[in-house]
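Here is the structure we will look at, set down as structure tokens.
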Amino acid sequence: MLSSSRLSWKWTACLCFLTLLCCLFTPALTVKENDFKKCTQSGFCKRNRAYADNAATQGSSWEPPYKILPEQASFKDGQLQAPILKTTDAQGTTVRLPVTVSFLKSGTARVTVDEEQRKEKNIELRHNSIARKERYNEAEKWAIVGGLDVDTNAKVSSESKSGINIKYGPGFIFEADIKYSPFSIEFKRDGVAQIKLNDRGLLNVEHWRPKVDKPAPEKKEGEDGEESEEEPEAAEATPSEDQSTWWEETFGGNTDSKPRGPESVALDITFFGYEHVYGIPEHTGPLSLKETRGGDGNYKEPYRLYNSDVFEYILDSPMTLYGAIPFMQAQRKDSTVGVFWLNGAETWVDITKAKEHKNPLALGIGSKTNTHTHWISESGVMDVFVFLGPTPRDVTKNYAELTGTTAMPQEFAIGYHQCRWNYVSDDDVKEVDRKMDRYHIPYDVIWLDIEYLDDKKYFTWEPNMFSDPISMGEQLDSHGRKLVVIIDPHIKNTKYPVSEELKSKGLAVKNKEGNIFEGWCWPGSSHWVDCFNPEAIKWWTTLFDYDKFKGTLKNTFIWNDMNEPSVFNGPEVTMPKDNLHHDNWEHRDVHNINGMTFHNATFEALLSRKKGELRRPFVLTRSFYAGSQRLGAMWTGDNQATWEYLAAATPMILAQGISGFPFAGADVGGFFGNPEPELQSRWFQAGAFYPFFRGHAHIDARRREPYLVPEPHRSIITAALRLRYSLLPAWYTAFYHANQDGSPILRPLYWTHPSEEAGFDIDDEFFVGSTGLLVKPVVEQEKTTADIYIPDDEVYYDYFTYEKLPTSKGKHLTVQAPLETIPVLMRGGHIIPRRDVPRRSAQLMQYDDYTLVIAVSKNGNAEGELYVDDGDTFEYENGQYIHRSFKLAGSSLTSTDAEGRDVKSIKEGDWLKRMSDVAVDKIIIVGAPSSLAGKSEVQLEVEGEKTPVRVDYHKAEGGKAAYAVLGRVGAKIGADWKIDFA
């Protein structure tokens, strides 16, 4: 038996060992976060938070130093213009900040604030900088594509020395109450305050001021005879302010010179009566954004928007990630509003909520929650768009009018993508392709990461392992499949044509001295293409010509990664802020837009690979900004193979969708690590409902192609993939709507049911487009049931079994969800188009017949849509598409053109001619009317001619709804027809 002293020694040794392990492993979990700034480590964020704290401390005695002189304000042709005067000292010195308030025809309002002295270039730059002197004012050039027409019908409702009231929008239901001193704008709808700018007086425009340098330290002899330096008292322009980060700032061993000095813009925006706010991706965490000033369950840091390469990002955090869309929506019962903060610089957003009581003696009676937000950007002009709704659809539509809608994708792009870092050779790619077929697993695209390159030189192939890329591409093409290869913005600094051309043409990003910037990324020493430069875009497009990028074919598409930009040896793993872009704009001004410019250049390149060939590009991006949705797809970056990351993916993808970028997905299976079969199966089930559906894995992860997973998981994954492919017509129709009006493809409950407050913070279930499919992915280990919130009184059916579920509005329904099942419900009142013949790829399904699944509503009706085009070209812009509206009303089912076109008058191209042979093969009616009971056939009527259609009726039993199958219908998918059930 051990003595107590020896036992104690053993325990001490164990504790020491455990402590050592903790020391070793803890940094692996935290170092990534510590590589990036907190607000207190970002000078302009810290200053503006302190400004807010000072205002809060002073309370009602706080006097914001911003005002407009009434005689200097003018309103004409839908715009108010005036200088805001900022008082800068006790002597009443002011600086002029030109403000323009524009009222747009869409009903959106725009508020821009500039700085006169910088605008006139009447400032001095430090460090002999050649940077621009103005505030950056070109974000609009990249993000905005329309919707800026001013509403000249906007009118003055009232005016006085204290301010002006403008009525605008449809029916003049919107108004802007502009106060002059202190300056603020309150936006109302139907006379009720919705949003207020500068509600708490936190407007802060850091104006230019000269740097007063300290005199050189005096040399004096110390007691030991050594010379020492004695610091004189500093001569400060504003002694009360902390200037330590005005002119330069150091973080992580990197120093950022600031030749223009402090220039941040900040504004508080209050949402009156709104408890829930959404958007401002990209972050992990819930869809309904958390408060950021501490408190139980809240964040202590603001949400940060500063596109960064965050390797192994952490969950439930306001920390910055790869993209930035500064668009926020607020939701209360039956009302949605929003703001868009158009600024490309580093931005922080604080969120706090406060209860406000109409009657302080009656707590809980008449109380409401106001959400206060504080927006802080490092540089640029202040540019804010205000959307007054009143519905989620109105807000997203008006935002889309400004920034554009989702590009209509190639049809293959919404199939399944198989990827890993890396397939090791062209033979490896061919073998994966063959095995997917051998196991009857559908997929559309296989991807190549950076190892396919010759020594990490983009536009090359590794000569030994990828010696015959043409035969690889041809095999894929013969199976209806595509290849995606990675091309990043960093160009290896070595002697090869792309690098030599980049340097000789002067198209690279420059450092602060105006010389080509050199940093470190995958190839080692690298230079970065400056895609803000129109000449760089022109040059970039030439590199993708088939005869220049040898080894690529018509079925080759592109993946843009690392475009934040990622610079391994740079500050916060990115480019120095004092680097210079086209026209000598500093990188600090455009950082969040940078990734979109590269995405845009590649998009343009794929439009012009061959003269006379005009096909839709597919380009995946990691970094993005407002407007990136016009260019392709995104994914949520370097996630991990854990259940927690699976759960986090859904709210992240939902946030992308409501922020205008719905073509989004997460790496299925997790990028880092090795998912156990159950996790991989559940992730494929969830991924089958991601708009962008790609399996991916790190280079150190084991191979995990679906056919390698042991049974029964292989069959479960295959079933999830086949479900995705059968529903491609519904998915494509959802993408069409996103392309038309900016509506999200995955729709959270607040968006579909804006009256149901209990659904406003639900972010683990969603509707797919307008299909009525309600999906709840299972994201917990060994979970075999799912609790689904039901937001209305409509009937719901199980998609797979046709069970009529015992639902009621506002209740959670528990459904069985064994491993082989993903909970998918059909909401009554919808018609879902699909294709039921399993094929190896979307291309091979192109001319298959359709099945219509009708989920009958409580009142016996249903409706749905199908949009289809050739899925490849832009011929849909010339009318070469089919858009059908299906309606079940009473005892008849009809198919008509959704746009009321005379389909006979449309001149048919090759694709439409082939589609004339495609028909509705089968119709399944779930919740079938009793009038079909006992019938063996019904009548299909086309142009007055009637044809019998077989009916197979199944009565309701065992919990299943009655359903009927109409077989071999034969109605042409593009034609008008009617089926009578009477």
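All residue numbers refer to positions in the sequence shown, counting from 1.
Between Pro806 and Leu813 there is a side-chain heavy-atom pair separated by less than 4.5 Å. Side-chain contact check for Tyr799 versus Val775: every heavy-atom pair is 4.5 Å or farther apart.
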Pair Ile658-Tyr750, side-chain contact (heavy atoms from CB on, under 4.5 Å): steps then yes or no: CA-CA 10 Å; Ile658 63 165; Tyr750 94 83; 3.5 Å; yes

Criterion side-chain contact (heavy atoms from CB on, under 4.5 Å) on Leu932 and Val938, from CA distance to verdict: CA-CA 9 Å; Leu932 283 173; Val938 291; 3.7 Å; yes

Verdict with supporting geometry, Ile441 and Met436, side-chain contact (heavy atoms from CB on, under 4.5 Å): CA-CA 5 Å; Ile441 300 173; Met436 293 289 274; 3.6 Å; yes

Evaluation steps, side chain to side chain donor-acceptor pair (under 3.5 Å), between Gln629 and Thr403: CA-CA 8 Å; Gln629 65 270 12; Thr403 65; 3.0 Å; yes

side-chain contact (heavy atoms from CB on, under 4.5 Å) between Met826 and Leu773, worked out: CA-CA 5 Å; Met826 294 187 291; Leu773 291 175; 3.7 Å; yes

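Proximity of the aromatic rings of Phe735 and Phe663 is defined here by a centroid distance below 6.0 angstrom, and this criterion is met. In this structure, Tyr802 has its ring center at least 6.0 angstrom away from the ring center of Tyr797. Centroid-to-centroid, the aromatic rings of Tyr732 and His737 stay 6.0 Å apart or farther.
Take Lys809 and apply the salt bridge (Lys or Arg N to Asp or Glu O under 4.0 Å) test, not counting sequence neighbours, and it matches Glu756. Not counting sequence neighbours, the partners of Asn859 by the side-chain contact (heavy atoms from CB on, under 4.5 Å) test are Ser857, Asn861. When the side-chain hydrogen bond (donor to acceptor under 3.5 Å, both in side chains) test is applied to Thr336, the partners found at least two apart in sequence or on another chain are Gln331. Applying the side-chain hydrogen bond (donor to acceptor under 3.5 Å, both in side chains) criterion to Gln685, with sequence neighbours excluded, gives Arg682. Applying the side-chain hydrogen bond (donor to acceptor under 3.5 Å, both in side chains) criterion to Trp683, with sequence neighbours excluded, gives Tyr690. For Asp836, the side-chain hydrogen bond (donor to acceptor under 3.5 Å, both in side chains) partners two or more places apart in sequence, or in a different chain, are Arg834, Thr851.
Judged as a salt bridge (Lys or Arg N to Asp or Glu O under 4.0 Å), the pairs with a partner in residues 923-952 (not counting sequence neighbours) are, in order, Lys904-Glu943. Under the salt bridge (Lys or Arg N to Asp or Glu O under 4.0 Å) criterion, the residue pairs touching residues 732-745 are Arg393-Asp741, with sequence neighbours excluded. Pairs of residues two or more places apart, or lying in two chains, that qualify as side chain to side chain donor-acceptor pair (under 3.5 Å) and include a residue from residues 871-880 are Gln410-Asp872, Arg615-Asp872, Asp870-Thr873, Glu875-Asn878. Annotation: salt bridge (Lys or Arg N to Asp or Glu O under 4.0 Å) contacts involving residues 792-806, sequence neighbours excluded, comprise Asp792-Arg827. Annotation: salt bridge (Lys or Arg N to Asp or Glu O under 4.0 Å) contacts involving residues 838-852, sequence neighbours excluded, comprise Asp437-Arg840, Arg839-Asp848.
What you find for Ala664 and Pro691 is that their closest heavy atoms are O-CD, 3.3 Å. Contact record, Phe661 with Ala633: CZ-C, 3.9 Å, taken as the closest heavy-atom pair. Residues Ala786 and Ala817 come closest through the heavy atom pair N-CB, 4.3 Å. Minimum heavy-atom separation, Ala964 to Ala928: N-CB, 3.8 Å. Of all non-hydrogen atoms in Ala688 and Ala720, the two that sit nearest each other are CB-O, 3.6 Å. The heavy-atom pair separating Arg609 from Leu553 by the smallest distance is NH1-O, 3.7 Å.
Put simply, the side chain of Arg694 never gets that close to the backbone of Tyr416: no donor and acceptor are under 3.5 Å apart. The backbone N or O of Ser770 sits less than 3.5 Å from a side-chain atom of His830, completing a donor-acceptor pair. At distances below 3.5 Å, at least one donor-acceptor pair connects side-chain atoms of Thr733 with backbone N or O atoms of Tyr867. Between the side chain of Glu474 and the backbone N or O of Ser478 there is no donor-acceptor pair closer than 3.5 Å. Lys776 contributes a side-chain N or O that, together with a main-chain N or O of Asp787, makes up a donor-acceptor pair within less than 3.5 Å. Between the side chain of Thr771 and the backbone N or O of Val768 there is at least one donor-acceptor pair closer than 3.5 Å. No donor-acceptor pair under 3.5 Å is formed between the side chain of Gln418 and the backbone N or O of Glu705. Formation of a donor-acceptor pair under 3.5 Å by the Ser715 side chain with backbone atoms of Glu711 is not found in this model. Without hydrogens or angle criteria, Arg884 side chain to Gly864 main chain gives no donor-acceptor distance under 3.5 Å. In this structure, Arg835 contributes its side chain and Met845 its backbone to a donor-acceptor pair below 3.5 Å.
No donor-acceptor contact under 3.5 angstrom links the side chains of Arg901 and Ser905, judged on distance only. Asp897 and His883 are not linked by any side-chain donor-acceptor pair at a separation below 3.5 angstrom, with hydrogens and angles left out of the test.
A cation-pi contact, defined as under 6.0 Å to the ring centre and within 45° of the axis, is absent between Arg616 and Phe603.
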Please report, to 0.1 Å, the donor-acceptor pairs under 3.5 Å made by any side chain of residues 908-917, with sequence neighbours excluded.
from: Ser916; atom 1: OG; to: Lys913; atom 2: O; distance (Å): 2.4

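Lys887 NZ: 12 or fewer foreign heavy atoms inside a 6.0 Å radius.
For the side chain to side chain contact (heavy atoms under 4.5 Å, CB included) test with Pro833, the passing option among Val920, Val868, Leu866 is Leu866; the others fail.
Ring geometry for Tyr439 against Tyr707 counts as parallel: the plane angle stays under 30°, on a 0 to 90° scale with 60° as the upper cut. In this structure, Phe557 and Phe412 have tilted ring planes: the angle between them lies in the 30° to 60° band.
A distance of 6.0 Å separates CD1 in Ile790 from CG in Leu774, rounded to the nearest 0.5 Å.
A salt bridge does not link Lys482 with Asp444: every distance from a Lys NZ or Arg NE/NH1/NH2 to an Asp or Glu carboxylate oxygen is 4.0 Å or more.
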